[in-house]
Amino acid sequence: MSLRIVFMGTPEFSVPTLMDIVGQGWDVVACYSQPPRKAGRGMELHKTAVHEAAESLGIPVYTPTSLKSAEEQEFFRSHQADVAVVVAYGLILPKAILEAPEYGCLNGHASLLPRWRGAAPINRAIMAGDTETGVQVMKMEAGLDTGPVCMSESIAITPDMTTGELHDRLSPLCGDVMVRALSALSRGGLTETVQSEEGVTYASKIDKAETRIDWRKPAAEVHNHIRGLSPFPGAWTEMTFGTKKERVKVLRSSAAEGSGTSGTILKAEGDEFIVACAEGAVKLALLQRAGKKSMSAEEFLRGGHLDTAVPLV
């Protein structure tokens with residue numbers, strides 16, 4: 001069975017899924033993405049990654065700010081889609097949209113549901129110290145990521161893996177799993193498994209207020225916090241350079257030997273930049289001062305004039 005597909009996505013994470021669907025020969029009749037946003041020094045309008053990818057493929061792109069109006073819903077129905085594929089779109093889909101395609105809306109979600117429903121599943125999995133995650137294709141319902149699971153693939157989260165690295169593993173995997181789900185749907189063999197009522201957690205959007213490193217926590221939690229926010233928005237701490245305190249992002253860390261008062265710099269020599277936590281210590285490996293490029297600990301310590309006697313806060 002041939003499928004008419006509407007694709008709905010916004011960030012770079014979603015692009016491999018769109019490309020894989022088109023590569024399989026499926027008929028993508030329309031693409032929905034977030035509207036262009038102002039960015040950069042000139043505050044020029046920039047199209048989303050999905051918008052640009054769809055245009056390069058000759059797919060019509062639509063960027064409504066909401067899908068709640070009767071006019072937008074009627075226009076969506078006019079595509080006569082068999083199914084909508086949704087990957088990190090960023091807008092709530094009203095019931096009328098969810099029910100418009102004959103086979104509903106399939107969502108590619110970057111967690112093993114019901115764990116980490118919501119906006120930031122990749123960050124939250126790493127921040128919580130999870131050792132496994134994955135991608136699931138879910139039949140969308142009105143609730144937040146509550147629908148039945150149709151296809152699943154899991155991967156391991158290694159101890160020092162960052163959100164950026166996990167993102168880059170899961171993004172192509174999402175495309176692969178979604179293509180398999182669509183193939184099963186086209187054969188009439190896509191099965192649905194209701195999510196468990198147990199183990200539900202929510203991946204709320206990352207708030208800037210939670211990005212500061214709290215050295216009063218155990219080293220394992222500090223390490224997970226750093227890698228869970230790397231590369232964006234970046235976990236940060238205050239360091240002292242001469243008489244001036246400055247925010248510094250920490251983008252990579254690892255477990256280290258040592259102990260001391262929370263925030264105390266235990267070692268700052270060569271590539272060894274070790275800071276004490278409430279329990280244990282962490283080694284800072286990649287850092288970024290405001291307005292500068294990221295650099296290794298060795299580069300940072302060599303040129304930063306850091307006052308190592310002042311604890312980090």
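Reckoned from all heavy atoms, side chains included, excluding hydrogens, waters and symmetry mates.
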- prompt: Are the side chain of Q73 and the backbone N or O of L67 linked by a donor-acceptor pair below 3.5 Å?
  reply: yes
message: Using modelled atom types and a 3.5 Å cut-off, is there a donor and acceptor pairing between side-chain atoms of S111 and backbone atoms of W116?
response: yes
field: Side chain E221, main chain P218, donor-acceptor under 3.5 Å
entry: no
message: Does the structure place the NZ or CZ of R124 under 6.0 Å from the centre of the six-membered ring of Y202, at an angle of no more than 45° from the ring's axis?
response: no
field: Spacing of I126 atom CD1 and R227 atom CZ [to the nearest 0.5 Å]
entry: 5.5 Å
query: Cationic tip of R247 within the cone over W236's six-membered ring, i.e. under 6.0 Å and within 45° of the normal?
result: yes
task: For salt bridge (charged side-chain N to carboxylate O under 4.0 Å, His left out), just list the numbers for D160 and R252, CA-CA rounded to whole Å, side-chain angles, deciding distance to a tenth of an Å, and then say yes or no.
output: CA-CA 8 Å; D160 294 333; R252 188 174 291 278; over 6 Å; no
- prompt: Backbone N or O of I92 within a donor-acceptor pair of the K68 side chain at under 3.5 Å?
  reply: no
query: Does R180 come within less than 4.0 Å of E153, counting only side-chain N to carboxylate O?
result: yes
- request: For S253, check side-chain hydrogen bond (donor to acceptor under 3.5 Å, both in side chains) against everything at least two apart and list the hits.
  value: H223
query: Where the side chain of S230 meets the backbone of L251, is there a donor-acceptor pair that is under 3.5 Å apart?
result: yes
task: In plain terms, say whether E257 and K283 are close enough for a salt bridge, that is, a side-chain N and a carboxylate O under 4.0 Å apart.
output: no
- prompt: Hey, does the side chain of N123 reach the backbone of G228 with a donor-acceptor pair shorter than 3.5 angstrom?
  reply: yes
- line: The ring pair (Phe, Tyr, Trp, His ring centres under 6.0 Å) partners of F75 (sequence neighbours excluded) come to Y62, H79
task: Ignoring hydrogens and angles, tell me if any N or O in the side chain of H225 forms a donor-acceptor pair with the backbone of T211 under 3.5 Å.
output: yes
query: Can you check whether K38 reaches H46 side chain to side chain, under 4.5 Å on heavy atoms?
result: no
query: Are the charged groups of E102 and R4 less than 4.0 angstrom apart, N to O?
result: no
message: What I want to find out is whether E55 reaches K47 closely enough, with some N-O distance under 4.0 Å, to be called a salt bridge.
response: yes
